[in-house]
Amino acid sequence: MKKIMLIDGNSLMHRAFYALPPLMTSKGVHTNAVYGFVNMLMRIIKEEAPDYIAVAFDRKAPTFRHQEYTAYKANRVKMPEELAGQFDILKQILKAMNIRYVEKEGYEADDLLGSLSKKAEEEGFLTLIVTGDKDTLQLVSPKVHVMLTRKGISEMELYDIQKIKKRFGIKPEAVPDLKGLMGDASDNLPGIPGVGEKTALKLLQEYGTLENILENADALKGKLRENLLLYGEQAKSSKKLATIVRDVDLELDLEELAFSEPDYEKLARIFRELEFYSLLDRLPRQKEGNQQKTVSVCIADVGQLDKVIEEIKARKAVAIEFQTEGKSPAVRLKGIGLSASSDCSYFVPEEVLRENQNLKDKILSLLADREIAKVVHDGKRARVALAKEGIDFIYDFDTMLAAYLIDPSKARYDLESLIYENLGAELKGFEDAGKRASFLLPLKEVLSEKLKNQDMESLFKDVEMPLSIVLADMEMAGIRVDPEKLQRLSLEFGERLESLTDEIYRLAGLEFNINSPKQLGEVLFEKLSLPVIKKKKSGYSTDAEVLEKLKGTHPIIEKILEYRFLMKMKSTYADGLLSLVDRETFKIYSTFNQTITATGRISSTEPNLQNIPVKTEIGRKIRGVFVAENPDHVLLSGDYSQIELRVLAHISGDEGLIEAFVKGEDIHARTASEVFGIPKDRVTSQLRDRAKAVNFGIIYGISDYGLAQNLGITTGEAREYIESYFNRYPKVRDYIRETIKDAKIKGYVTTILNRRRYIPDINSKNYNLRSFAERVAVNTPIQGSAADIIKVAMVKIYNHFKEFKLKTKMLIQVHDELIFDVPKEELEVVKNIVKSDMETAVPLRVPLEVDFKVGKSWEEIS
DNA sequence: ATGAATGCCTA
DNA sequence: GTAGGCATTCATT
């Protein structure tokens, strides 16, 4: 017998939505209901193996029921946005699964199910209706069964006539009568007052139908009889509304509902987009797109390699995957994978590379051939590894960088993840480099299409790709340090720490671990009974802010602050850096990460050269250990003055802000004068500092709470400052409003060079999450555009150095400044290049100013 | 060994 | 109020 499965789309989507925890893609699309629905659908298709399937949806009111009864579902709250948006996604999936969905103006899903099941019954089908709505039980017959969801949507219960009889003691046809008697709060249907499920069922078991009960009402007694007589008509009306219509003409032949194979490729694409990785896993593998049947050929002799190189040269393109080990820049090349087309790839293992010098040379010259376009994953790392082989490795498409631009908020950009997310193929860790290389070309196609669609081709090709070369060379250059100086600092800090430790123990009256916030908290707030200022999740807060407030209450406080500071200097900086000095070159080599930050900045690790102390005199001594390469060289620093505020002036177009920069004014002093309404020559340094805090606050996506916190004023006062600021710089307020609005609509924000960041929480109902997202939306275009600008400058400068064959090396980038090692004789020309490239990197409506300093150590130029 | 919590350094 | 990296302690594996 033919089996047809009819599904109540609305009912199940609602169930899934409320039963499942919120689920969102990394880009902020809500997906929990779709996920639950599809999960259930796939399971039930597998279990029931229907020959025909249809999903029914409600079609926008008013339905005939509203015409009949104006209060129908009147107290039903509007469907939440987060759910409403999921229906279109589901419909796309149904299409990909080749499952028909039906809807008809003025009818609800269950009417369509009723009509289809009637038709199916007439044609001799066995029908299975899947829903979460108990009313649907009225459709049950010998050939129509209903599966009701239980506990959200995780379980199903099958109802046939016997089951209904057993459970309720009535026939399926009496279900509307039951509802007529009981009423239904959710549909706003009135029943008979005082009649609940128990009474209604008892009456129906005895009399069969609502009408029959009413006719025999006289036989009953008391309040029940009275209410039946009084409200009988109302109950009949509710029964009518609860009766599912079974003669809707859907103008379709049941044959059209025949269930064929899903389009697995399309389905996989949608699942990947929705980040439904567990569902993706359940799709049949061989049906999935881009599944590679690549044979990875191990190349062992030069003869084989020659043929491969011939093929690569003919195609003028190759994907290369490098097996490497070690932390950059100490990267060592192991195996190499090559792929010129997606159906075949080659693998050159480590041993062959090591033992067959002739073969290795051929490969290296292939890698050095600029006529061949190269697709790689993490080209910077490859460049560093190949530099040790004497190759100046240049590449044309880095899938890691492309994926980062497409979504810079992801946690990982490793090849396995990208292949899985974009191609749906699983790459086990043990796959050889040839196999991995074979996925690179198809991956590049998918990613470059996305870059093109998001208008980020230029940012990719002209900024990030060339920048990765620059960063590779910076990593390899390293920076010279004076290890003895570093050692002396460590000892100096250590000695002072020892005496501080003694004093702290003495003042506390006991010895304890000062480094443990837990133990310190106990000493301060229990032993010494100092006032508790702030609490943390697990106990007292002892951070610097708290300790500052406790100054004066006990002499131990200042000692602890100094201890903390020196401990930081010694462990993180003096000792930390010392352990990273290369014994051969006396240099420190950092890694500059290009795919870490969500805003587009680069980051630095092992060591982080972007947070070397500068604010205090003692801290600056750490900078003193970073020196020029040799006595004939100097360090040069060029740093942008107020780049983020200039970016703000540019993108907001605020006249006041622009004028300030065009006239070269002191921006914080001007803001003080504007915000506090005093002449510029009357601005005190204290007022200037407050204005500076307001300026920073604007960049960080200001909140009255945050500004108040920072300045130690009330939120009311902070609000006044902000209001006053906006009155003076009105287009800044407009910019903030527009940016947030834009983010709420589009789900992302962009920078000057069209870098993009998704802001998933921007429409969250959680105030804290939403507020944070709004600040991120405001800050990211500013911080990210500043990052764009300095990146462009770095590329320009690098190219000019190459062009003029200069020996000067770019060493460090600290977000708004660049540090170079310069042979003295190149100083003037380098200064000119750096100045002009930094100032003209990206033209803005305000000038970009760069300050320069020259010295023997980093301390001197800070 | 790993990870959360706490704290602090930078732009 | 934005963006990072890293050291230390302490509980869990």
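Side chains included, hydrogens not; waters and symmetry mates left out as well; all remaining heavy atoms used. Sequence lines set the chain letters: A, B, ... in the order given, protein chains first and strands last, and positions in each chain run from 1.
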Enquirer: I'd like to know if A:Glu464 pairs up with A:Lys791 as an ion pair, taking the criterion as any Lys NZ or Arg NE/NH1/NH2 lying under 4.0 Å from an Asp or Glu carboxylate oxygen.
Expert: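 Looking at A:Glu464 and A:Lys791, the cut-off is met.
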Enquirer: Find the distance between CZ (A:Arg381) and CG (A:Leu471) and round it off to the nearest 0.5 Å.
Expert: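 Spacing of CZ (A:Arg381) from CG (A:Leu471) equals 15.0 Å.
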Enquirer: Where the side chain of A:Lys537 is defined as all heavy atoms beyond and including C-beta, which of B:dA5, B:dG7, C:dC6 is the nearest nucleotide?
Expert: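 Nearest nucleotide to the side chain: B:dA5.
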Enquirer: Return yes if some donor-acceptor pair links the side-chain N/O of A:Thr671 with the main-chain N/O of A:Ala691 below 3.5 Å, else return no.
Expert: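 No, because the side chain of A:Thr671 does not come within donor-acceptor range (under 3.5 Å) of the backbone of A:Ala691.
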Enquirer: Report the distance from atom CG of A:Asn513 to atom P of C:dT9, rounded to the nearest whole Å.
Expert: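 So the CG-P distance, A:Asn513 to C:dT9, works out to 5 Å.
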Enquirer: Please name the nucleotide paired to C:dT13 by Watson-Crick or G-U wobble geometry with both distances under 3.5 Å, or report none.
Expert: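 Base partner found: none.
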Enquirer: State plainly whether the residues A:Lys570 and A:Glu495 are in salt-bridge range, i.e. N to O under 4.0 Å.
Expert: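 No, no charged N to carboxylate O under 4.0 Å.
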Enquirer: If I take atom CD1 in residue A:Ile736 and atom P in nucleotide C:dG1, what distance separates them, rounded to the nearest angstrom?
Expert: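 So the two atoms are 16 Å apart, to the nearest Å.
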Enquirer: With heavy atoms under 4.0 Å as the rule, sort A:Tyr705 into base, sugar-phosphate or nothing.
Expert: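 Sugar-phosphate only.
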Enquirer: From C:dG5, B:dT10, C:dA3, pick the nucleotide closest to the side chain of A:Ser603?
Expert: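 Given the options C:dG5, B:dT10, C:dA3, the side chain of A:Ser603 is closest to C:dG5.
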Enquirer: In whole angstroms, how far is the C1' atom of C:dT9 from the NZ atom of A:Lys536?
Expert: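 Interatomic distance, NZ of A:Lys536 to C1' of C:dT9: 15 Å.
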Enquirer: Nearest nucleotide by nearest heavy atom, which residue falls closer to the 5' end of DNA chain C, A:Gln709 or A:Asn611?
Expert: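 Final value for this comparison: A:Gln709.
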Enquirer: For the side chain of A:Lys568 and the base of B:dC8, is some donor closer than 3.5 Å to an acceptor across the two?
Expert: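 Pair found.
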Enquirer: If you compare every side-chain N and O of A:Gln813 against the phosphate oxygens of B:dA11 (OP1, OP2), does one of them come in below 4.0 Å?
Expert: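 No, A:Gln813 has no side-chain N/O under 4.0 Å of OP1/OP2 on B:dA11.
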Enquirer: Salt bridge between A:Asp666 and A:Arg688, side-chain N to carboxylate O under 4.0 Å?
Expert: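 Between A:Arg688 and A:Asp666 there is a salt bridge, with a charged N closer than 4.0 Å to a carboxylate O.
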Enquirer: Quick check on C:dT9: is either OP1 or OP2 less than 4.0 Å from any side-chain nitrogen or oxygen of A:Asn515?
Expert: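 Yes.
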Enquirer: Tell me whether the OP1 or OP2 atom of C:dC10 has a side-chain N or O from A:Ser516 closer than 4.0 Å.
Expert: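 A:Ser516 to C:dC10 OP1/OP2: side-chain N or O found under 4.0 Å.
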Enquirer: May I ask you to say what A:Gln519 touches in the nucleic acid, namely base, sugar-phosphate or nothing, with a heavy-atom cut-off under 4.0 Å?
Expert: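 A:Gln519: backbone/sugar contact only, no base atoms under 4.0 Å.
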Enquirer: Within less than 4.0 Å of OP1 or OP2 of B:dA5, is there a side-chain N or O belonging to A:Ser538?
Expert: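 For B:dA5, OP1/OP2 do not have a side-chain N/O of A:Ser538 under 4.0 Å.
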Enquirer: Hey, is the side chain of A:Ser541 poking within less than 4.0 Å of OP1 or OP2 on B:dG7, counting only N and O atoms?
Expert: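 Indeed, a polar side-chain atom of A:Ser541 lies that close.
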Enquirer: Categorize A:Ile612 for me: base, sugar-phosphate, or nothing, with a 4.0 angstrom heavy-atom threshold over every strand shown.
Expert: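 If one applies the 4.0 Å heavy-atom cut-off, A:Ile612 turns out to touch the sugar-phosphate alone, with no base involved.
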Enquirer: Which residues in residues 589-601 of chain A have a heavy atom closer than 4.0 Å to any atom of DNA chain C?
Expert: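 Heavy-atom contacts with DNA chain C come from A:Ile596, A:Thr597, A:Ala598, A:Thr599, A:Arg601.
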Enquirer: Should A:Asn608 be listed as having a side-chain N or O under 4.0 Å from OP1 or OP2 of B:dT10?
Expert: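 For A:Asn608, the contact criterion (side-chain N or O under 4.0 Å from OP1 or OP2 of B:dT10) is not met.
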Enquirer: A:Lys518 has a side chain; which of B:dC9, C:dC10, C:dT8 sits nearest to it?
Expert: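 Side chain of A:Lys518 sits closest to C:dC10.
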Enquirer: Which nucleotide, C:dT2, B:dG7, C:dG5, lies nearest any side-chain atom of A:Tyr700?
Expert: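 Side chain of A:Tyr700 sits closest to C:dT2.
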Enquirer: Which of the following nucleotides, C:dT2, B:dT10, C:dG4, is nearest to the side chain of A:Asn779?
Expert: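 The closest nucleotide is C:dT2.
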Enquirer: Between C:dG4 atom P and A:Ile790 atom CD1, what is the distance in whole Å?
Expert: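 Spelled out: CD1 on A:Ile790 to P on C:dG4 is 17 Å.
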Enquirer: Quickly work out the A:Asp704 CG to C:dG1 P distance and round it to whole Å.
Expert: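 To the nearest whole Å, that distance equals 11 Å.
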Enquirer: Identify whether any heavy atom of A:Val778 sits under 4.0 Å from a base atom; if not, whether one sits that close to sugar-phosphate; answer base, sugar-phosphate or nothing.
Expert: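 Answer is nothing: A:Val778 stays at 4.0 Å or more from every strand.
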Enquirer: Using a strict cut-off of less than 4.0 Å between a Lys/Arg side-chain nitrogen and an Asp/Glu carboxylate oxygen, indicate whether A:Lys551 and A:Glu548 qualify as a salt bridge.
Expert: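 A:Glu548 and A:Lys551: salt-bridged.
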Enquirer: Just to be sure I understand the rule, does A:Asn710 reach a base, reach only the sugar-phosphate, or reach nothing, if contact means heavy atoms closer than 4.0 Å?
Expert: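 Here A:Asn710 touches the bases of the nucleic acid.
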Enquirer: Name the nucleic acid region contacted by A:Ser703, choosing base, sugar-phosphate or nothing; use a 4.0 angstrom heavy-atom cut-off, strictly under.
Expert: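 Base, at least one base atom sits under 4.0 Å.
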Enquirer: Can A:Glu817 and A:Lys853 be counted as an ion pair, charged N to O under 4.0 angstrom?
Expert: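 No, A:Glu817 and A:Lys853 are not salt-bridged.
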Enquirer: How close or far is atom P of C:dG5 from atom CD1 of A:Ile602, stated in whole angstroms?
Expert: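 A:Ile602 atom CD1 is separated from C:dG5 atom P by 11 Å.
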Enquirer: Do the charged groups of A:Glu839 and A:Lys835 touch, with an N to O distance under 4.0 Å?
Expert: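 Counted as a salt bridge, because a side-chain N and a carboxylate O are separated by less than 4.0 Å.
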Enquirer: Taking the minimum atom-to-atom distance to the side chain of A:Asp816, which one of B:dT10, B:dA11, C:dA3 wins?
Expert: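 In terms of side-chain proximity for A:Asp816, the closest of B:dT10, B:dA11, C:dA3 is B:dA11.
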Enquirer: For a quick check of understanding: with a heavy-atom distance under 4.0 Å over all strands, which category does A:Ala544 fall into, base, sugar-phosphate or nothing?
Expert: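 The answer is sugar-phosphate, as A:Ala544 gets under 4.0 Å only of primed atoms, P, OP1 or OP2.
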Enquirer: Taking NZ, NE, NH1 and NH2 as the nitrogens, is one of them in A:Glu644 or A:Arg601 under 4.0 Å from a carboxylate oxygen of the other?
Expert: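 Judged by the 4.0 Å cut-off on N to carboxylate O distance, A:Glu644 and A:Arg601 do form a salt bridge.
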Enquirer: Side chain of A:Gln610, base of B:dT10: donor and acceptor closer than 3.5 Å?
Expert: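 Check fails, no donor-acceptor contact within cut-off.
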Enquirer: Round to the nearest Å and state the distance from A:Tyr573 atom OH to C:dC6 atom P.
Expert: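 So the OH-P distance, A:Tyr573 to C:dC6, works out to 10 Å.
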Enquirer: Just call it for A:Ala708: base, sugar-phosphate, or nothing, with non-hydrogen atoms closer than 4.0 Å on any strand.
Expert: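 A:Ala708: no heavy atom of the nucleic acid under 4.0 Å.
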Enquirer: Touch check for A:Ser604, heavy atoms < 4.0 angstrom, all strands: base, sugar-phosphate only, or nothing?
Expert: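 Touches sugar-phosphate only.
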Enquirer: In whole Å, what is the span from the CD1 atom of A:Ile514 to the P atom of B:dC8?
Expert: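 Value for this atom pair: 14 Å.
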Enquirer: Base, sugar-phosphate or nothing for A:Ile702? Non-hydrogen atoms, less than 4.0 Å.
Expert: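 The residue A:Ile702 makes base contact.
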Enquirer: Is A:Lys741 atom NZ crowded by more than 12 heavy atoms from other residues, nucleotides or ligands, each under 6.0 Å away?
Expert: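 At most 12 heavy atoms, drawn from other residues, nucleotides or ligands, come within 6.0 Å of this atom.
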Enquirer: Could you check whether A:Met569 gets within reach of a base, just the sugar-phosphate, or nothing at all, counting any heavy atom under 4.0 Å?
Expert: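 It contacts sugar-phosphate atoms only.
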